[in-house]
Structures are given as C-alpha cells and as structure tokens.
**Q** 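This is the structure, below, for whatever I ask next.
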2 protein chains.
Amino acid sequence: MKIDPDSNADLSAQIAGAIRDAIISGDLRVDERLPSESELSDQFGVSRPTVREALKRLGAQSLIRTQRGATGGAFVNKLTYPDAYGQQITTSTLLLSMNAVSFQTACEARYALERACAPLSTKRRTADHLATMRAEAHRQAQPGLSDESFCASDVAFHRALVDAADNPVLSYQLAGAVEAMQPLMNMITFTARSRERIVALHTAIADAIEAQDAEATDRHLEELAAYTNELAQSVFDARAKQSASKSGVSS
Amino acid sequence: MKIDPDSNADLSAQIAGAIRDAIISGDLRVDERLPSESELSDQFGVSRPTVREALKRLGAQSLIRTQRGATGGAFVNKLTYPDAYGQQITTSTLLLSMNAVSFQTACEARYALERACAPLSTKRRTADHLATMRAEAHRQAQPGLSDESFCASDVAFHRALVDAADNPVLSYQLAGAVEAMQPLMNMITFTARSRERIVALHTAIADAIEAQDAEATDRHLEELAAYTNELAQSVFDARAKQSASKSGVSS
DNA sequence: GACAATTAAATGTCTGACAAATGAAAATCG
DNA sequence: CGATTTTCATTTGTCAGACATTTAATTGTC
C-alpha cells in the first residue's frame with residue numbers, strides 16, 4: 001500500500017482506494033480487523049483525521065464497519081444482500097432523477113428485466129410467493145386504499161414475483177428496477193390509471209404463475225407494460241393539451 | 001436538517017444522511033453548492049472534522065464533488081452513467097465474492113438478464129455494434145491470445161450486445177452482470193473451455209442479431225449458457241476427482 | 001485596456017487533546 | 001477457590017486551532 005503525496009487525488013481518497021483494492025483482491029478477508037487508526041496513520045505517513053476520512057469513505061460503501069472499545073476497530077464487512085439492495089435502489093433512484101430518462105426507456109428496461117425473471121418464477125414459485133401476490137392483488141382492490149398504499153402494494157407484488165425466481169443474484173439485480181423505477185412510474189401514471197385494470201392484470205399474472213404457464217405470464221406482463229406506456233402517453237398528452245390551452249389564453 | 005447528539009449513530013453518519021435525504025428529495029439540486037464546511041459545522045453544531053467525515057461519505061457515493069479554491073466548495077454531483085456503472089460493478093463483484101454464490105445461480109442470473117436484452121438488441125443493433133461483436137469474435141479466434149485478453153474480449157462482446165439494445169438504463173442494470181459476473185465465470189471455466197466452440201457461438205449470435213432473428217439469438221444464448229454450465233460442472237468434477245485421489249494416496 | 005501581483009475564501013492536512021465505549025485483567029469479597 | 005466488582009488500557013468519536021494549498025476575484029501597474 002503506497003501513497004503518493006504529489007498526486008492530484010486527496011490523500012484520503014488514495015488511502016481509501018488502497019484499502020478497497022486490498023479488500024477486493026482478497027488480501028483483507030471478511031471480518032478481518034484493520035490496523036487501528038493510529039497504526040494506519042503511521043503506515044501511510046498521514047495524520048489520523050486523514051485516515052479517518054478514508055475509513056468513512058469505505059464505511060459509506062459498506063466495505064467496512066467500525067466498533068468502539070478495547071477490541072474495537074475497523075473490520076472488513078461482509079456485503080449482505082440487503083446492503084447491496086439498498087445501494088442499488090439509491091443509485092437507481094438518483095440515476096433516473098438526475099438524467100432525464102424518458103418514461104419509455106425506463107419502462108422498457110423495467111419490464112424487460114421482469115420478463116427475464118418470469119420464466120424462472122413460474123417454474124419455482126412457492127405457495128408463499130403466490131400467497132403474497134394474491135394478498136397484494138386483493139389489497140389493491142380495496143376501495144379506500146390511498147395512492148401511496150396502492151403504490152407500495154404494487155411494489156410488493158412485483159417483488160414477490162421476482163423473488164419467486166428463487167435466485168438471490170437476480171433479486172438483487174432487479175431491486176433497482178422494482179423498488180426505484182416502479183415508484184417513479186407510479187408517480188406519473190397514478191392519476192390516469194384504472195385500478196380495476198391493474199388488479200385484473202395482476203390477478204391474471206398470479207393465475208398464470210400458479211398454473212406454471214410461462215407463456216401466459218409473459219403475455220400478461222407485456223400487456224401490463226403496454227398499459228403502463230399507454231397511461232403515460234395519455235398523461236403526457238393531457239399535460240401538452242393543458243399547456244397549449246394555457247398559452248392560448250395568455251396570448 | 002436536525003441532528004440528535006444522543007442517537008447511537010455517529011454524528012457524521014447523521015449529517016451525511018440528512019444531506020443525502022436533501023439531495024434525493026430534490027431540496028438540493030444538481031450543481032447546487034452546499035454551504036462551506038465552516039458554515040455546516042455551525043449549522044449542525046459540530047466541528048469541522050466531523051462535517052468533513054460526513055462529506056467524504058457522500059463523496060464516496062458520488063453524491064457530491066468538492067472543489068478547492070475561492071469559489072470552491074461541495075457541489076451536488078450529477079450521477080452519471082459511468083459513475084453508476086462503476087458502483088454497480090464494485091458492488092456486484094463484492095457481493096459475489098463474499099456470499100458463496102453457486103456458479104449455477106450466478107450463471108442463471110447473468111444469462112436471464114442478457115436474454116432480456118437480446119430481443120431489443122436484435123431490433124435496434126447498428127452497424128457499429130455489429131462491427132464490435134465481429135471484431136471481438138475475430139480477436140478471440142487468434143491463436144496467440146492470452147487468457148486475460150480472451151476474457152476481456154469476451155466481456156467486450158457481451159457489452160456490445162447489451163449496448164445494442166440502445167437503452168442506457170438497461171445497460172446500467174446489466175453492467176454488474178457483464179462486467180462482474182462474466183470475469184468471475186471466466187476464471188472458473190477458462191482451463192476447460194474450447195475457444196473454438198465459444199467463437200462459433202459468438203459468431204452465431206452475431207449472425208442472428210445481424211439477421212434480426214430474435215428467436216435464433218435467444219437459442220444461441222441459451223446454448224452458450226448451457227455450455228458455460230457444462231464447463232463449470234466438468235471443472236468441479238475434475239477438482240472433486242483430484243481431491244479424492246489425493247486423499248486416497250495419503251491414506 | 002492588458003497584464004501582473006495581491007488578496008480572500010475555500011478545501012486539504014496536521015497536531016494535540018479529551019470523551020466515550022468496551023473488553024480484559026486485576027482486585028475484592030463471600 | 002469462585003464469583004463479582006473494579007480498574008485499566010485500547011480504540012473510536014469528537015473537538016479546537018492552526019497552517020498549507022488552491023483558485024478566482026480584486027487591485028494595482030504599465
């Protein structure tokens with residue numbers, strides 16, 4: 001681990017990079033304790049605050065965890081699925097909100113990914129996953145349900161569908177699609193959508209998965225994607241109309 | 001933005017969380033300048049080193065960038081696709097290496113995702129993407145190619161396939177699958193694989209995509225997945241045999 | 001008006017210190 | 001001797017103040 005004081009990068013960034021590389025390469029193993037902050041500052045030839053800044057960077061990426069006390073210190077953290085989900089969702093949310101992604105592009109990506117899951121889900125779905133999907137579809141049919149709750153239930157339905165594939169790596173990869181894109185899409189379409197239509201499609205999907213009919217599952221997911229795009233289009237059309245009439249009045 | 005000094009969490013973590021929330025919620029917009037470190041330390045009632053640790057956490061997630069000098073400071077960073085790719089790849093690599101994911105699980109996830117892309121790629125592929133795939137397949141057929149270069153070319157081939165879908169969100173989502181899983185899988189299978197067989201499959205895939213034959217593309221990708229699994233199985237069998245014969249000698 | 005020197009503001013880094021947590025060792029008591 | 005309590009050393013968390021470095025705006029000069 002060598003540090004170049006003349007480099008353009010911050011010392012703390014260089015130190016964080018060196019430790020990160022050691023973790024990724026396996027030189028530092030899970031649950032292994034790093035040297036104390038004082039020792040690290042000696043090793044790298046920098047002050048303790050600088051080392052601390054480097055450690056905070058790594059902590060923010062869930063690469064290490066710290067513990068106070070006599071036997072405390074910084075330990076290489078095992079990156080758990082929930083940790084990875086969280087990062088995935090945060091990154092996806094920010095990426096979409098900061099990059100002016102068209103609705104169509106996001107929707108296409110989201111359903112392409114979910115349809116990749118579906119064949120596995122139809123094959124492996126358990127009673128548990130089916131029960132969750134049924135329960136959420138049922139909840140969505142309740143008349144008094146708030147828009148927020150409907151959206152949350154929508155997410156839960158799709159998460160159950162994805163988890164039914166019984167592949168944690170796939171569930172992780174789809175976390176961004178389901179938990180970041182779906183809410184964003186809901187925010188756009190919720191004014192125009194017909195809950196009955198969505199519940200009917202969700203029920204049809206659950207039926208197809210229960211019957212282990214991959215072809216029908218795919219068809220209904222495609223319908224749901226098409227309906228979502230249709231909704232977005234009508235919302236955008238309505239907005240365009242409104243702004244046109246506004247400018248007409250003002251002129 | 002309020003901070004609770006009695007909370008269990010570090011002050012720097014609380015401050016980082018408060019600023020992160022402000023960014024995600026849109027209270028702080030892209031390229032907006034945060035108050036200076038001194039002002040932040042006054043606002044939150046903590047010292048400057050503590051504020052700095054919080055800012056380093058955010059910097060590690062590419063949420064802010066800092067600039068020195070008179071008009072410098074911390075700015076809300078626009079999360080670019082390359083940034084997001086990088087995080088995705090790092091997280092995926094660590095998740096796989098730390099969680100004892102079976103080869104089968106990883107391979108299944110990876111090909112499910114790529115096959116989700118393929119129909120879009122067959123529809124939208126440009127001459128550019130086709131040329132890249134052809135060039136990489138050609139490179140892979142060179143006799144003197146090192147294993148590292150073959151692996152890198154393999155990744156480049158699949159990245160071109162994914163990018164041909166012309167959906168940046170999908171490309172981002174698949175970055176982990178292509179750039180993290182593919183190299184890991186290569187590390188396991190490279191001793192046993194037949195380069196000819198892989199080049200033939202890559203060529204068949206490129207042909208199918210050029211012909212815009214989605215069905216054939218999917219079939220060849222499935223073959224590639226099956227062959228990869230087969231290779232891994234043979235490697236694992238050989239390892240098991242070797243360790244069995246070893247223990248037989250020693251007994 | 002163009003160019004050079006100065007200045008102010010901000011981050012980057014260091015030193016030294018104290019507080020708080022925590023496990024281990026030592027001391028004490030039954 | 002065994003169990004409990006106390007002490008203590010170690011480590012992270014936080015603070016204060018200072019100086020170095022970078023950078024752009026300002027000022028001064030020709």
Side-chain angles (χ1 to χ4, degrees), chain A residues 1-20 22-23 28 31-77, chain B residues 1-20 23 28 31-78:
Chain A
M1 300 190 190
K2 281 178 186 173
I3 298 302
D4 172 21
D6 300 332
S7 163
N8 290 329
D10 295 352
L11 290 177
S12 66
Q14 290 182 58
I15 293 168
I19 298 176
R20 179 173 24 248
I23 293 175
L28 293 168
D31 291 334
E32 189 172 335
R33 187 179 170 283
L34 272 65
S36 74
E37 295 176 352
S38 315
E39 289 175 292
L40 285 172
S41 57
D42 285 347
Q43 282 182 29
F44 287 114
V46 301
S47 68
R48 194 159 83 93
T50 302
V51 167
R52 281 183 62 77
E53 287 178 5
L55 295 179
K56 294 305 164 194
R57 295 178 114 106
L58 299 173
Q61 297 178 302
S62 303
L63 275 123
I64 61 167
R65 61 178 186 280
T66 56
Q67 210 174 359
R68 284 165 65 151
T71 58
F75 298 84
V76 177
N77 194 37
Chain B
M1 299 190 190
K2 281 178 185 172
I3 297 302
D4 173 19
D6 300 333
S7 165
N8 290 329
D10 295 354
L11 290 177
S12 67
Q14 290 181 58
I15 293 168
I19 298 176
R20 178 172 25 246
I23 294 175
L28 293 169
D31 291 333
E32 190 172 336
R33 186 179 170 284
L34 272 65
S36 74
E37 295 176 353
S38 314
E39 288 174 294
L40 285 172
S41 58
D42 285 347
Q43 281 182 28
F44 287 114
V46 300
S47 67
R48 195 160 82 94
T50 302
V51 167
R52 280 182 62 79
E53 287 178 4
L55 294 180
K56 294 305 165 194
R57 296 179 112 107
L58 298 172
Q61 297 177 302
S62 303
L63 275 126
I64 61 167
R65 63 178 186 280
T66 55
Q67 210 174 0
R68 285 165 68 151
T71 59
F75 298 83
V76 177
N77 193 37
K78 174 170 174 174

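Here is the naming used below: chain letters follow the sequence lines, and residue numbers restart at 1 for every chain. For the numbers below, each heavy atom of this structure counts, side chains included, while hydrogens, waters and symmetry mates do not.
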**Q** On a heavy-atom basis, which atom in B/Ile15 and which in B/Phe44 lie closest, and how many Å separate them?
**A** CG2-CE1, 3.7 Å
**Q** Can you check the B/Leu11 CG to D/dT12 P distance for me, whole Å?
**A** 17 Å
**Q** Report yes or no: does B/Arg65 contribute a side-chain atom to a donor-acceptor pair with the main-chain N or O of B/Val76 at less than 3.5 Å?
**A** yes
**Q** To the nearest Å, how far apart are A/Phe75 CZ and D/dT12 C1'?
**A** 11 Å
**Q** What is the distance from CG of B/Leu40 to P of C/dG12, rounded to the nearest Å?
**A** 13 Å
**Q** From B/Arg48 CZ over to B/Leu55 CG, what is the distance, rounded to the nearest 0.5 angstrom?
**A** 10.0 Å
**Q** Stepwise, does the side chain to side chain contact (heavy atoms under 4.5 Å, CB included) test hold for B/Asp10 with A/Lys56?
**A** CA-CA 11 Å; B/Asp10 295 354; A/Lys56 294 305 164 194; 3.6 Å; yes
**Q** Of A/Val46, A/Ile19, A/Leu11, A/Asp42, which meets side chain to side chain contact (heavy atoms under 4.5 Å, CB included) against A/Val51?
**A** A/Val46
**Q** Is there any protein nitrogen or oxygen under 3.5 Å from a nitrogen or oxygen in nucleotides 6-11 of chain C, and what are the pairs?
**A**
| unit_1 | atom_1 | unit_2 | atom_2 | d |
| --- | --- | --- | --- | --- |
| C/dA10 | O4' | B/Gly69 | O | 3.4 |
| C/dT11 | OP2 | B/Glu37 | N | 3.1 |

**Q** For A/Arg68, what residues pass the salt bridge (charged side-chain N to carboxylate O under 4.0 Å, His left out) criterion, not counting sequence neighbours?
**A** none
**Q** Specify the separation, in whole Å, of atom CD1 of B/Ile15 and atom C1' of D/dG13.
**A** 12 Å
